[in-house]
Amino acid sequence: MSELQNFFEQFLEKTSLFQKKEALLSQYLPKEIIYREEQLKEVAQILAPSLRQEKPSNLFIYGKTGTGKTLSLRHTLRTMAEVAKKNNLPFRCIYINCKLKRVADTEYRLLAQLIKCYDEEVPATGLPTDEIYTVFYRVLDKEKHVLLLVLDEIDHLTKKIGDEILYNLTRINTELKHSQISLVGISNSLFFSEHLDPRVKSSLSEEELIFPPYNALQIQEILRRRASEAFFPQVVLPGVIEKCAAYAARDHGDVRRAIDLLRVSGELAERSNSLHLEISHLDEAERKIETDKIISGALHQPKQFQLVLYALLLFYMQKKQLFTGEIYEVYQKLCRQVKYNVLTQRRVSDILAELDMLGLIRAKIISKGRYGRTREISLSIEEPVVVKLKELLEKSLQIT
DNA sequence: AGTCCACAGGAAGGGCAGGCGA
DNA sequence: TCGCCTGCCCTTCCTGTGGACT
């Protein structure tokens with residue numbers, strides 16, 4: 001038997017710690033949603049008219065990541081769809097996550113995606129935008145109904161392409177003869193609507209709802225329920241749930257992360273042939289998640305981003321606080337050395353801003369008085385990860 | 001009080017790839 | 001095939017600016 005065969009045979013013989021791993025995946029929709037009763041009720045009240053073919057108010061939902069916004073909304077929509085089906089009512093809702101790259105991150109793509117939900121094909125690129133709108137109107141108006149359009153992570157959308165699309169979408173009802181459309185925006189940022197065009201702001205936030213973070217006890221209970229679904233009984237040792245909740249509470253009550261953490265811990269425990277999920281697995285998972293996030297985040301960037309980041313890492317070995325100009329110089333040398341195009345400082349400045357957004361670096365705009373205004377940049381990566389990342393970037397950029 | 005640095009970041013537009021209909 | 005449209009990446013040109021220095 002080959003070594004690999006052996007491995008798989010052994011793998012099959014091992015007992016799994018998980019009885020239902022899906023319960024720890026982010027797209028899992030539990031039967032019951034706890035600690036959000038009030039919000040669920042409000043959402044239901046606001047959206048209910050759509051079942052009677054009346055247009056509900058546009059709704060805006062705020063709340064930090066992992067506070068149950070998406071879950072609550074998906075739960076509500078699912079229930080509404082069930083009721084609609086039972087009573088044979090025309091009910092449409094489209095859920096779009098604006099953060100998904102190459103799906104809904106431009107005006108064109110978003111509309112194309114919407115049209116696709118109505119089973120019509122539209123080229124991925126090539127048509128003028130106003131034509132896309134015309135197609136969208138036509139498709140919407142084909143049969144009388146109310147569309148609930150949920151735009152999750154809407155702040156990403158407007159950050160990237162501005163609020164014109166939202167303006168158009170809120171005004172769309174005057175263009176339609178039969179159908180109507182209601183928007184539900186979900187944002188992680190509480191200050192999102194402040195940057196919006198006032199007209200958009202007022203029509204989008206006809207109703208507003210805030211999802212507060214869960215507290216540590218609530219997180220514990222949520223985790224306990226998920227864990228009892230996901231793992232076999234007695235697998236999770238006492239103290240693990242509590243510590244996991246504590247990690248999450250420290251990160252502003254983000255339950256999604258806590259659930260991820262639990263899943264990764266379980267995987268690590270299983271891999272190390274342990275019969276239980278111990279606190280040590282949790283700590284290991286915490287480190288692993290952080291490292292993986294940073295490294296895959298960096299390696300999925302275009303080469304030029306990697307070059308800038310690598311230049312930063314090089315410099316960082318000697319100095320902890322860097323300025324744009326300094327990094328640009330190192331970057332130029334690096335480009336010439338490995339024979340890449342040298343981008344302008346203007347572009348590199350944008351790249352640095354984007355790396356900041358990705359959380360790989362921290363950039364603060366400061367003034368050095370006589371010596372100008374610049375970004376003060378530091379890495380937000382831990383030392384051991386820096387070394388690993390540097391190696392991987394060298395491989396990716398073929399730096400010797 | 002005024003100057004002036006070293007950038008930030010807005011605006012416009014070029015060039016490219018992917019895709020359309022004619 | 002061509003002309004035209006899009007998004008994307010990038011350049012060029014530009015205006016704006018906080019605060020140390022004079």
Side-chain angles (χ1 to χ4, degrees), chain A residues 96-116 119-139 151 153 155-166 168-169 191 194-197 297-312 315 319-336 338-358 360-378 396-397:
Chain A
I96 286 188
N97 187 330
C98 305
K99 207 177 174 180
L100 290 180
K101 281 207 166 177
R102 323 219 173 272
V103 174
D105 53 356
T106 69
E107 187 172 15
Y108 189 97
R109 280 184 184 148
L110 179 63
L111 288 166
Q113 189 66 26
L114 291 177
I115 293 166
K116 216 166 141 195
D119 297 322
E120 291 234 2
E121 277 302 318
V122 90
T125 163
L127 293 180
T129 308
D130 58 340
E131 193 151 337
I132 278 281
Y133 271 105
T134 318
V135 175
F136 183 51
Y137 293 152
R138 181 171 54 74
V139 177
L151 297 174
E153 316 239 16
D155 37 337
H156 271 265
L157 184 70
T158 53
K159 204 176 223 167
K160 205 153 175 224
I161 57 172
D163 50 15
E164 201 170 321
I165 176 139
L166 294 183
N168 290 336
L169 284 175
F191 310 105
E194 282 173 19
H195 317 287
L196 289 180
D197 184 313
L299 292 179
H300 280 99
Q301 296 309 309
K303 297 286 180 214
Q304 287 291 352
F305 280 57
Q306 295 186 9
L307 279 164
V308 174
L309 193 59
Y310 187 76
L312 234 138
F315 215 145
K319 210 166 150 239
K320 301 282 163 185
Q321 298 289 316
L322 321 167
F323 303 117
T324 306
E326 296 173 325
I327 293 168
Y328 187 65
E329 268 178 47
V330 180
Y331 160 82
Q332 273 178 307
K333 266 187 222 152
L334 187 65
C335 281
R336 278 194 283 272
V338 293
K339 307 215 163 28
Y340 273 94
N341 283 342
V342 182
L343 301 184
T344 55
Q345 184 159 343
R346 177 71 188 82
R347 179 68 189 133
V348 170
S349 163
D350 277 347
I351 289 175
L352 284 170
E354 286 185 55
L355 288 174
D356 185 24
M357 282 240 299
L358 288 167
L360 291 168
I361 63 175
R362 275 187 301 265
K364 201 170 73 189
I365 294 153
I366 56 152
S367 172
K368 294 188 285 170
R370 256 244 88 143
Y371 306 103
R373 247 157 76 87
T374 181
R375 276 201 181 86
E376 189 185 69
I377 294 156
S378 59
S396 160
L397 295 167

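In what follows, chains carry the letters A, B, and so on, assigned in the order in which the sequence lines appear, proteins first and then strands, with residues in each chain numbered from 1. Because the structure is a prediction, the values reported are computed rather than measured.
Each of A/Asp350, A/Leu307, A/Ile351, A/Val308 was checked for a side chain to side chain contact (heavy atoms under 4.5 Å, CB included) with A/Leu343, and the lone residue meeting it is A/Ile351. Remark: of the listed residues A/Thr374, A/Ile361, A/Leu352, A/Ile327, A/Ile327 is the sole one forming a side chain to side chain contact (heavy atoms under 4.5 Å, CB included) with A/Leu322.
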Apply side chain to side chain donor-acceptor pair (under 3.5 Å) to residues A/Ser396 and A/Lys303 and explain how you reach the verdict. CA-CA 8 Å; A/Ser396 160; A/Lys303 297 286 180 214; 3.2 Å; yes
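Atom CG of A/Leu334 and atom OH of A/Tyr310 lie 7.0 Å apart (nearest 0.5 Å).
Straight-line distance from the CG atom of A/Leu352 to the P atom of B/dG9: 11 Å, rounded to whole Å. Following rounding to the nearest Å, A/Met357 (CE) and B/dG9 (P) show an atom-to-atom distance of 12 Å. At whole-Å resolution of the value, CD in A/Gln301 and C1' in C/dC8 are 15 Å apart. To the nearest angstrom, C1' of B/dA8 lies 14 Å from CD1 of A/Ile327. To the nearest angstrom, C1' of B/dA6 lies 14 Å from OH of A/Tyr328. Here C/dC8 presents its P atom at 21 Å from CG of A/Asn341, a figure rounded to the nearest Å. B/dG15 atom P lies 18 Å from atom CZ of A/Arg347, rounded to whole Å.
Under the 4.5 Å side-chain criterion, counting only non-hydrogen atoms from C-beta, A/Gln301 is in contact with A/Leu358.
Legend: residues meeting ring-ring contact (aromatic ring centres under 6.0 Å, His included) with A/Tyr328, ordered by chain and number and at least two apart, are A/Tyr331.
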What does the B/S/- profile of nucleotides 13-22 of chain C look like, 5' to 3', with a 4.0 Å heavy-atom cutoff to protein? B---BBBBS-
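Using a 4.0 Å heavy-atom distance criterion, A/Val342 is classed as a sugar-phosphate-only contact.
At the phosphate of C/dT11, OP1 or OP2 sits under 4.0 Å from a side-chain N or O atom of A/Thr344.
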